There are 2 protein chains.
Amino acid sequence: MPREAESRQSNTHVAREIAKLIVTGVWQEGWTLPREIELASQFDVSRTSIRESLSILKAKGLIAARQKAGTHVRERINWNMLDAELLEWTWAERPSEEFARQLTQVRRIVEPEACAICAERGSDADLARIERAYREMDAAGMDSRAYSEPDLRFHRGILTATGNDFLVAFGATVEAALRMSFELSTLNPGAPRKSLPYHRAILDEIWARNPDGARRAMHRLMDLTERNITSALSRRRSGEAMASAEREGDA
Amino acid sequence: MPREAESRQSNTHVAREIAKLIVTGVWQEGWTLPREIELASQFDVSRTSIRESLSILKAKGLIAARQKAGTHVRERINWNMLDAELLEWTWAERPSEEFARQLTQVRRIVEPEACAICAERGSDADLARIERAYREMDAAGMDSRAYSEPDLRFHRGILTATGNDFLVAFGATVEAALRMSFELSTLNPGAPRKSLPYHRAILDEIWARNPDGARRAMHRLMDLTERNITSALSRRRSGEAMASAEREGDA
DNA sequence: ATGCGATTTTATGTCGGTCATATTATCGCA
DNA sequence: TGCGATAATATGACCGACATAAAATCGCAT
């Protein structure tokens with residue numbers, strides 16, 4: 001019998017729970033997981049479901065199984081951190097500054113170059129799609145929820161326009177980064193909208209078919225994004241400090 | 001009863017077979033797969049095994065399932081092409097020039113920057129590990145098999161030294177690229193060894209803690225790699241043309 | 001006692017079947 | 001002809017048993 005209310009898609013749910021234990025380091029690299037039967041009783045599902053969950057985590061490089069020897073956590077180097085779900089689970093469970101820093105760093109590496117390629121080789125249809133996303137961002141005004149969705153399409157559009165499947169796949173990472181930014185934007189509601197003119201500059205450069213300009217424009221947007229995230233995180237830190245000071249005051 | 005000899009790990013095996021059908025376009029984006037029961041009889045395994053295989057492909061973003069509606073191939077944008085296995089399957093089934101071009105392009109974007117970060121922030125222990133890999137490459141001489149293994153460690157070492165988990169994950173992509181280069185090197189046995197002085201230059205720059213120099217040095221290696229791959233592929237093309245001409249001559 | 005080969009044990013891997021659930025398709029009625 | 005009730009169906013979950021491989025153990029011979 002399934003546990004109770006919150007057991008929607010048990011399969012994905014269990015996979016996420018186990019993944020969280022791994023990415024948070026509760027179950028460390030090299031450790032052997034409990035047996036499948038024990039996991040089944042711990043998570044209150046059948047062994048079949050556990051096995052399907054484990055095969056998801058195997059596919060993402062988190063674990064490996066050997067007959068008789070058991071299932072162990074693989075070393076980090078094998079974790080596919082560029083995977084959409086794994087990214088989401090990691091941030092959801094442990095929204096650390098280090099994670100944010102690394103995510104921003106890798107975006108700074110990839111997106112400006114992708115933008116240059118887009119300016120050089122993107123089709124007019126590709127660019128039109130990017131422009132449409134820009135217009136929707138503009139139309140969203142100060143509603144940061146309505147803003148973030150076309151924002152993602154803008155960035156994905158650039159990656160798609162490169163015609164490079166690997167850069168397209170990088171869209172999953174960008175998506176995680178934007179979701180992260182969106183969450184942090186509650187600490188600074190005006191921030192997202194400030195990126196609009198930077199997006200405009202990118203759009204102009206790619207329409208002008210100017211790779212160098214496009215690269216620089218995207219680089220400036222990345223700079224802004226980094227500043228926003230840094231300041232949001234420091235706000236969060238001081239917010240947490242204040243909250244814990246209050247808690248101590250209560251006692 | 002399993003089919004016959006070549007059914008080692010049926011689970012992974014079936015997943016790979018289905019993945020190949022998808023990446024080669026036999027089963028196109030948006031199409032609905034056969035029912036699980038039909039797949040089970042097609043691949044001569046139980047429905048349980050099919051479900052585990054499908055959950056692997058779900059985890060890699062290739063397919064999605066909805067109750068009653070069936071399982072369909074997701075659009076390419078959702079495929080996690082940066083995944084180690086998916087990369088391997090794609091190249092194994094369809095070693096196209098386009099694939100090689102894209103893989104090289106994304107390496108050119110990521111690795112020089114990673115190299116600069118490595119020069120700036122890598123620990124001495126990290127650099128020592130990279131140097132060890134270099135020495136083994138040197139010791140391998142003209143044996144391109146023995147050369148390629150430390151070659152991968154060299155590049156992975158740089159990515160690891162950045163301290164960025166996402167760049168570390170990119171090691172899977174580099175691995176696929178190097179395996180590809182290795183396969184192509186049979187067409188030009190001397191080529192791999194020629195990269196040694198380029199690796200040496202990288203090593204010197206990162207020991208000198210010179211990010212700009214390291215970036216440039218890695219960039220030059222990427223240029224060389226691209227030239228090697230291009231020439232190997234054109235050799236392969238002309239080889240194929242000759243072979244087919246011979247076949248026609250036979251008839 | 002001690003190294004080593006045979007045997008047992010055990011955890012993952014595979015199987016077939018049943019029931020649950022969601023969603024589509026169909027049927028029947030107004 | 002529209003629409004609500006009903007049936008059909010494909011995935012989702014569960015169960016119990018057996019297969020297989022590798023680790024752990026046992027027993028034999030040295």
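Values below: every heavy atom of this structure, side chains too, minus hydrogens, waters and symmetry copies. None of the values given here were measured: they were computed from a predicted structure.
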Between [N] ([atom2]) and [X] ([atom1]): distance, integer Å:
| X | N | atom1 | atom2 | value |
| --- | --- | --- | --- | --- |
| E36(B) | dG17(C) | CD | P | 16 Å |
| I37(A) | dT10(C) | CD1 | C1' | 10 Å |
| L39(B) | dG16(C) | CG | P | 15 Å |
| H72(A) | dA11(C) | NE2 | C1' | 14 Å |
| R35(B) | dT24(C) | CZ | C1' | 13 Å |
| F43(B) | dT14(C) | CZ | C1' | 17 Å |
| I63(A) | dA11(C) | CD1 | P | 17 Å |
| I50(A) | dG12(D) | CD1 | P | 17 Å |

For a quick check, tell me whether the side chain of R47(A) and the base of dG13(C) share a donor-acceptor pair closer than 3.5 Å. yes
Do Q67(A) and dT20(D) share a donor-acceptor pair, side chain to base, under 3.5 Å? yes
Determine the contact category for A65(B): base if any of its heavy atoms lies under 4.0 Å from a base atom, sugar-phosphate if only primed atoms, P, OP1 or OP2 are that close, otherwise nothing. sugar-phosphate
Just checking S49(A): base, sugar-phosphate only, or nothing, at a heavy-atom cut-off of under 4.0 Å? sugar-phosphate
With distance as the sole criterion, is a donor-acceptor pair present between the side chains of D151(B) and H199(B) under 3.5 Å? yes
Does [X] place a side-chain N or O at less than 4.0 Å from the phosphate oxygens OP1/OP2 of [N]?
| X | N | value |
| --- | --- | --- |
| T71(B) | dA10(D) | no |
| R66(B) | dT11(D) | no |
| R51(A) | dG13(C) | yes |
| K68(B) | dA7(D) | no |

Mapping L33(B) and T48(B) to their closest nucleotides on DNA chain D, which lands nearer the 5' end? L33(B)
Would you indicate which nucleotide in dA23(D), dC14(D), dT14(C) comes nearest to any side-chain atom of V45(A)? dC14(D)
Of the candidates dG12(D), dA13(D), dG13(C), the side chain of K58(B) sits closest to dG12(D)
Would you please indicate if the ring centroids of F154(B) and Y147(B) are separated by under 6.0 Å? no
Please determine if R51(A) and E52(B) form a salt bridge, counting it only when a charged side-chain N lies under 4.0 Å from a carboxylate O. yes
Should F99(A) and F166(B) be marked as a ring-ring contact (aromatic ring centres under 6.0 Å, His included) after you check the CA-CA gap, both sets of side-chain angles, and the distance that decides it? CA-CA 9 Å; F99(A) 181 89; F166(B) 306 105; 5.6 Å; yes
Inspect the surroundings of CZ in R121(B) and state if more than 12 heavy atoms from other residues, nucleotides or ligands are less than 6.0 Å away. yes
